[in-house]
S.K.: 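Below you will find the structure I want to go over with you.
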There are 2 protein chains.
Amino acid sequence: MDVKDLCLGALSFGDATGYDIKKFFENTFSHFFLAGYGSIYPALASLTAAGLVSCRTLAQHGKPDRKLYRLTAAGRRAFLDTLRDTTPRHRLKSEFLVLLYFAHLLAPARLQAIVDQQLRNFDGNLKHIRQYEDCCAAAQPLSPGAHFVCGYGKAVMTAASEYIRAHRHSLLPPTGRGAAPRKLIQARRQPVHTASRN
Amino acid sequence: MDVKDLCLGALSFGDATGYDIKKFFENTFSHFFLAGYGSIYPALASLTAAGLVSCRTLAQHGKPDRKLYRLTAAGRRAFLDTLRDTTPRHRLKSEFLVLLYFAHLLAPARLQAIVDQQLRNFDGNLKHIRQYEDCCAAAQPLSPGAHFVCGYGKAVMTAASEYIRAHRHSLLPPTGRGAAPRKLIQARRQPVHTASRN
DNA sequence: TGCCCTGTATATCAGACCGATATACGATGC
DNA sequence: GCATCGTATATCGGTCTGATATACAGGGCA
């Protein structure tokens with residue numbers, strides 16, 4: 001199950017350009033799967049070469065041509081095969097937790113900043129899911145699958161936030177009154193720099 | 001923050017071989033960061049070339065030589081810099097949730113098998129974390145960071161399991177008595193095939 | 001008017017990562 | 001006697017990541 005398969009899945013809901021597909025991933029899969037243009041465009045080229053999608057080019061004034069992709073019969077079959085045969089993985093990669101594992105090497109202010117930032121990220125993601133649900137539900141009821149994965153995201157991120165809020169204090173040194181804690185590492189104001197994921 | 005940095009972190013607890021480092025990742029970071037030999041050995045080679053770790057070779061009878069790596073002063077500094085400067089990411093990649101999003105294209109039996117397997121995976125991971133805590137705590141108390149990330153893993157995976165158990169029924173078609181649900185995709189017995197991650 | 005930023009839309013590229021595979025041998029299990 | 005597991009190294013093709021390039025329309029703003 002790679003980006004190619006995900007593109008087939010996105011196209012199973014209707015024709016789309018690479019740009020649209022990325023939008024779809026961001027709206028729909030943001031909390032459990034993301035792909036950048038660097039994955040999507042090569043994937044679409046490869047799918048076209050394999051005859052799993054067809055492509056027609058729509059000229060535009062000024063802007064680059066839109067390339068509208070459509071699932072072929074073979075593509076639809078290939079996607080169903082993937083759904084049937086994939087052994088699904090489920091994997092977290094968290095530099096946030098790595099950093100906290102090394103809490104003993106972090107300055108308290110830095111630690112607090114990291115934790116606060118992660119809580120804000122969870123809040124943002126939760127808000128995004130709620131908006132997605134509301135916005136889609138306005139058009140037509142969410143499919144059971146979509147509803148389930150949104151609920152999953154909300155449940156897990158809410159639990160994560162609660163755990164962090166309840167236990168963040170345990171990461172700080174015991175703060176023995178006056179026992180000035182050595183500053184191991186200076187905290188540094190960080191530009192909020194969200195990775196671009198082009 | 002890449003595998004190189006994680007290797008520096010692992011070596012901050014003492015000298016180790018590439019093999020040891022992988023074991024360390026599996027024991028300690030399994031639920032939020034994993035790296036295979038294909039990442040670790042090149043990383044160690046590159047760190048050695050950069051002077052951030054030193055390496056001495058211990059001959060063995062029969063088996064390949066052990067290459068024991070040690071953090072240099074420069075390596076320790078580089079690691080602390082990374083801890084101070086990294087903007088931590090936190091990212092889930094779940095084919096499991098992708099599959100469930102497309103529940104409408106899955107045969108009910110397949111759906112059940114996927115969900116059951118994921119619940120077993122969570123159970124296994126939870127057991128692993130508990131064992132790690134018990135086993136380490138026997139030697140010396142867990143560091144606050146280690147304790148926190150273990151608790152995080154347990155909280156999140158418990159919440160995920162509970163959510164799945166509570167809502168899995170919503171993924172099945174409304175099962176109108178006798179309204180034989182079309183079998184869209186046959187379920188297929190899968191060899192339990194856990195990815196090797198060499 | 002000029003300037004910058006955002007949104008639409010394509011695409012490439014170096015570097016990192018993933019998972020499979022190869023090699024080798026001792027010990028353990030059946 | 002043979003298979004499997006654990007120790008220990010390493011490479012490799014294929015994929016993914018994140019930065020960057022190009023190009024123009026439209027809106028905000030001074």
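By convention in this document, chain letters (A, B, ...) are assigned in the order of the sequence lines, proteins followed by strands, and residues within each chain are numbered from 1.
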S.K.: Show your working on salt bridge (Lys or Arg N to Asp or Glu O under 4.0 Å) between A:D20 and A:K23 and close with a plain yes or no.
M.R.: CA-CA 5 Å; A:D20 297 332; A:K23 279 280 144 64; over 6 Å; no

S.K.: Tell me: CD of B:E26 to P of D:dG6, nearest whole Å?
M.R.: 11 Å

S.K.: Enumerate the protein-to-nucleotides 14-18 of chain C contacts in which both atoms are nitrogen or oxygen and the separation is below 3.5 Å.
M.R.:
from   : atom 1 : to    : atom 2 : distance (Å)
C:dC17 : OP1    : B:V3  : N      : 3.0
C:dC18 : OP1    : A:R91 : NH1    : 3.0
C:dC18 : OP1    : A:R91 : NH2    : 3.0
C:dC18 : OP1    : A:K93 : NZ     : 3.4

S.K.: Taking only the side-chain nitrogens and oxygens of A:Y19, find out if one of them lies under 4.0 Å from OP1 or OP2 of C:dT8.
M.R.: yes

S.K.: Assess whether a salt bridge exists between A:D123 and A:R120, defined as any Lys/Arg side-chain N lying under 4.0 Å from an Asp/Glu carboxylate O.
M.R.: no

S.K.: Can you work out whether B:P42 or B:K23 has the more 5'-proximal nearest nucleotide on DNA chain D?
M.R.: B:K23

S.K.: Between D:dA10, C:dT10, D:dA8, which one does the side chain of B:K67 approach most closely?
M.R.: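 So the side chain of B:K67 is nearest to D:dA10.
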
S.K.: OP1 or OP2 of D:dT9 versus the side-chain N and O atoms of B:T17: is any pair under 4.0 Å?
M.R.: yes

S.K.: From the options B:R91, B:H90, B:R89, select the one residue that forms a side chain to side chain donor-acceptor pair (under 3.5 Å) with A:E95.
M.R.: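 The single option meeting the side chain to side chain donor-acceptor pair (under 3.5 Å) with A:E95 is B:R89.
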
S.K.: Can you confirm whether B:R168 is buried at CZ, in the sense that more than 12 heavy atoms of other residues, nucleotides or ligands lie under 6.0 Å from that atom?
M.R.: yes

S.K.: The criterion is ring-ring contact (aromatic ring centres under 6.0 Å, His included); which residues satisfy it with B:F32, sequence neighbours excluded?
M.R.: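 B:F32: ring-ring contact (aromatic ring centres under 6.0 Å, His included) contacts with B:F29.
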
S.K.: A:Y69 has an atom OH; how far is it from atom C1' of C:dA9, in whole Å?
M.R.: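 Atom-to-atom, A:Y69 to C:dA9, this comes out as 11 Å.
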
S.K.: Check whether the side chains of B:D65 and B:T57 place a donor and an acceptor atom closer than 3.5 Å, and report yes or no.
M.R.: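 Distance-only check fails for B:D65 and B:T57.
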
S.K.: Just how far, in rounded Å, is P of D:dT15 from CD1 of A:I40?
M.R.: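 It is 16 Å, rounded to the nearest whole Å.
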
S.K.: Examine D:dA10: is either OP1 or OP2 under 4.0 Å from a nitrogen or oxygen in the side chain of B:Y41? Give yes or no.
M.R.: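 Checking D:dA10 against B:Y41, no side-chain N or O comes under 4.0 Å of OP1 or OP2.
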
S.K.: Expressed as a whole number of angstroms, how long is the span from A:N27:CG to C:dG7:P?
M.R.: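 About 13 Å, once rounded to whole Å.
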
S.K.: If I take atom CZ in residue B:R66 and atom C1' in nucleotide D:dA10, what distance separates them, rounded to the nearest angstrom?
M.R.: 17 Å

S.K.: Which whole-number value in Å describes the distance from A:D20 CG to C:dG7 C1'?
M.R.: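 My rounded result for the distance is 13 Å.
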
S.K.: For residues B:L34 and B:F13: do they belong to one hydrophobic cluster (side chain heavy atoms under 4.5 Å, members Ile, Leu, Val, Met, Phe, Trp, Tyr)?
M.R.: no

S.K.: Within this structure, what is the CG-to-C1' distance between A:D65 and D:dT22, rounded to whole angstrom?
M.R.: 14 Å

S.K.: Output the rounded distance in Å from NZ (B:K22) to P (D:dA10).
M.R.: 15 Å

